[in-house]
Amino acid sequence: MKLRDLLAGVPLEGGRLNPGLEINTIFTEAGDNLNGTLFVEVPGSQLTAVRALERGAATSIPAGEDPWGTLALRAGNWFCHPGRRMTLVAVAGNGDSDLMAYLLRVMLESMPHTRVGAITPGSVWLRGTELPVSERGSGPLHVQRLLRRMADERCTHVILQLDDRGLERREYAGLRMSVTALTGPARNREKLAGLMNCSDTVVLNLDEKDWEDYGSIIPEHTFTYSENKTCADLTAKNLRLFPGHMEFEAVTVGHVQRIHLPVPGGFSLYHGLCAVSCGLCLGLKWERMARVLRCVRGPRGRLEVLSVSAAYTVVLDRADSPRALEQLLTSVREFTAGRLICVLGCPQEGGAASRAQLGGAAEQLADRIVLTGSGLPGEHCLSAISDVCSGMGAWKRPCTAEPDRRQAIRCALEEAGPGDVIVLTGCMDRPADDRPLSDEREFVRSYVRRHHARREKGVLTGG
């Protein structure tokens, strides 16, 4: 690509200003061979724009007031703006957006003549297949590269899931969103406002109290949902919660639709409402959305109810932050008839203060706590458990520390009785690596099968 096509209106440094110069790639990090490249300096780069020129870059752009925005515009030019050929949906905010993005992706994939891609902080999905971890980077250059691939695969819709880091790096810059779903206020209000300004429709939860402080930047083109506010565009009525699913009536002007969602917990209602709201904004039909949601399976490792033949319920979730753990235990509490037993995996990543908050949330919401590691036992595991214990105050709840995770799970299963719910949190895996999760599922099912067989044998022999 010619330099003039790639850098329209961008000031350059270094003296190499030949507009007919042929550029063969864009770089943001140090490399062994920078010949023929355009180097864009961004925060965190190990190489400056001047040093890139000295190492052979054809030209470079120094870090300015908006380095990520500059990179996004140049990356859009380089990949010929692939986002313009597809319907883009952004999911952003501080709330747990994995379930909502998953439900929306499943609904879109079920529609005729649609091909769906999804870019999340932990994975990339292309037409129903998860791409290798190496395919997912960060920053607008990586997003544009993935959009180019999805456009070449003839995707019609792409879901872009943005966390705080994605907003900070302006991964949305240069893109026009058909719908932006806000799952909670973000730390960077300015970047969130920038995303809303480049969106045709914004979907938000009226029950989120924190939005009251955002009134000045919320655009007029919004679609709202709520559990009980009739002023919302979409309202949930007659909610019924069960250990493995929920049912509610979705009410809009002139239409009422019964929704059966096979995901437990009252907080999951908002994920379902948000997904349906986005579907309505994208023109999806009520009846088809309801039919798809009735058969959907929740994302693995997110409020996942394991299928076991026992009088208690086992829920698997990756919650490893105080906010996620609080939402998880609050949701599970709503369908717990007996005790709520929490096997809390203490993450070694993050600070001691965050781990202490995990302990405080568990002590406040669980009836029985078993502290364990999120990985292999060791000195770091014991230190993480100690940090979690420091946030549990006067130990008001029965609590056991067991560094070995399998032994901790076995301890909880042995104690569980009819009506109890066991929550396994902080699983020792990354979002894109499901092998440890599969191991825990099989461990629980194997234990229940052995226990059931021993009980039947005891009944038959009169023991």
Item checked: Aromatic plane relationship, His245 with His260 - under 30° parallel, 30 to 60° tilted, over 60° perpendicular ->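 Rings of His260 and His245: parallel, under 30°.
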
Item checked: Residue pair Asp233, Thr224: steps toward the side-chain hydrogen bond (donor to acceptor under 3.5 Å, both in side chains) verdict -> CA-CA 5 Å; Asp233 297 299; Thr224 59; 3.3 Å; yes

[X] versus [Y]: any side-chain heavy-atom pair under 4.5 Å?
{"X": "Val423", "Y": "Val343", "value": "no"}
{"X": "Leu141", "Y": "Phe79", "value": "yes"}
{"X": "Leu167", "Y": "Tyr172", "value": "yes"}
{"X": "His271", "Y": "Val263", "value": "no"}
{"X": "Arg333", "Y": "Leu365", "value": "no"}
{"X": "Leu162", "Y": "Lys191", "value": "no"}
{"X": "Met289", "Y": "Leu280", "value": "yes"}
{"X": "Leu293", "Y": "Met107", "value": "yes"}

[X] bridged to [Y] by N-O distance under 4.0 Å:
{"X": "Glu171", "Y": "Arg165", "value": "no"}
{"X": "Glu227", "Y": "Lys237", "value": "no"}
{"X": "Arg170", "Y": "Asp66", "value": "yes"}
{"X": "Arg445", "Y": "Glu440", "value": "no"}

Item checked: Glu442/Arg449 under salt bridge (charged side-chain N to carboxylate O under 4.0 Å, His left out): CA gap, chis, key distance, verdict -> CA-CA 10 Å; Glu442 183 54 37; Arg449 284 196 299 267; 2.8 Å; yes

Next item on the list: Quick one: which residue pairs count as a salt bridge (charged side-chain N to carboxylate O under 4.0 Å, His left out) with a foot in residues 108-119, not counting sequence neighbours?
Entry: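 Of all non-adjacent pairs touching residues 108-119, those that pass salt bridge (charged side-chain N to carboxylate O under 4.0 Å, His left out) are Arg105-Glu109.
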
Side chains of [X] and [Y] only: does a donor on one sit below 3.5 Å from an acceptor on the other?
{"X": "Ser226", "Y": "Asp207", "value": "yes"}
{"X": "Gln144", "Y": "His142", "value": "no"}
{"X": "Arg74", "Y": "Thr70", "value": "no"}

Check residues 173-181 and write down every donor-acceptor pair under 3.5 Å in which the side-chain atom is one partner and the other belongs to a residue at least two apart or another chain.
{"unit_1": "Arg176", "atom_1": "NE", "unit_2": "Asp200", "atom_2": "OD1", "d": "3.0"}
{"unit_1": "Arg176", "atom_1": "NH1", "unit_2": "Asn197", "atom_2": "O", "d": "3.2"}
{"unit_1": "Arg176", "atom_1": "NH2", "unit_2": "Ser199", "atom_2": "O", "d": "3.4"}
{"unit_1": "Arg176", "atom_1": "NH2", "unit_2": "Asp200", "atom_2": "OD1", "d": "3.1"}
{"unit_1": "Thr180", "atom_1": "OG1", "unit_2": "Ser199", "atom_2": "OG", "d": "2.5"}

Which value, rounded to the nearest 0.5 Å, describes the distance between [X] atom [atom1] and [Y] atom [atom2]?
{"X": "Leu147", "Y": "Leu88", "atom1": "CG", "atom2": "CG", "value": "6.5 Å"}
{"X": "Leu284", "Y": "Leu108", "atom1": "CG", "atom2": "CG", "value": "5.5 Å"}
{"X": "Leu340", "Y": "Asp420", "atom1": "CG", "atom2": "CG", "value": "9.0 Å"}
{"X": "Met150", "Y": "Arg85", "atom1": "CE", "atom2": "CZ", "value": "14.0 Å"}
{"X": "Met86", "Y": "Cys155", "atom1": "CE", "atom2": "SG", "value": "6.5 Å"}
{"X": "His221", "Y": "Thr201", "atom1": "NE2", "atom2": "OG1", "value": "6.5 Å"}

Next item on the list: Answer yes or no: does atom NZ of Lys229 have more than 12 heavy-atom neighbours from other residues, nucleotides or ligands under 6.0 Å?
Entry: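 Correct, the count exceeds 12.
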
Next item on the list: Might you confirm whether atom CZ of Arg84 has over 12 heavy atoms from other residues, nucleotides or ligands at distances under 6.0 Å?
Entry: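 Open: at most 12 neighbouring heavy atoms sit under 6.0 Å from CZ of Arg84.
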
Next item on the list: Of all the heavy-atom pairs spanning Ala416 and Ile341, show the shortest one and how long it is.
Entry: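 What the structure gives for the nearest pair is CA-CD1, 4.1 Å.
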
Next item on the list: Please test Leu206 against Tyr225 for side-chain contact (heavy atoms from CB on, under 4.5 Å), starting from the C-alpha separation and ending with a verdict.
Entry: CA-CA 6 Å; Leu206 277 189; Tyr225 61 92; over 6 Å; no

Margin query: Applying side-chain hydrogen bond (donor to acceptor under 3.5 Å, both in side chains) to Gln161 and Asp98, what does each step give before you reach the verdict?
Written below: CA-CA 8 Å; Gln161 193 174 341; Asp98 289 347; 2.7 Å; yes

Notebook entry, point to check: Val315 pairs by side-chain contact (heavy atoms from CB on, under 4.5 Å) with which of Leu424, Thr336, Val421?
Noted result: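 Only one of Leu424, Thr336, Val421 forms a side-chain contact (heavy atoms from CB on, under 4.5 Å) with Val315, namely Val421.
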
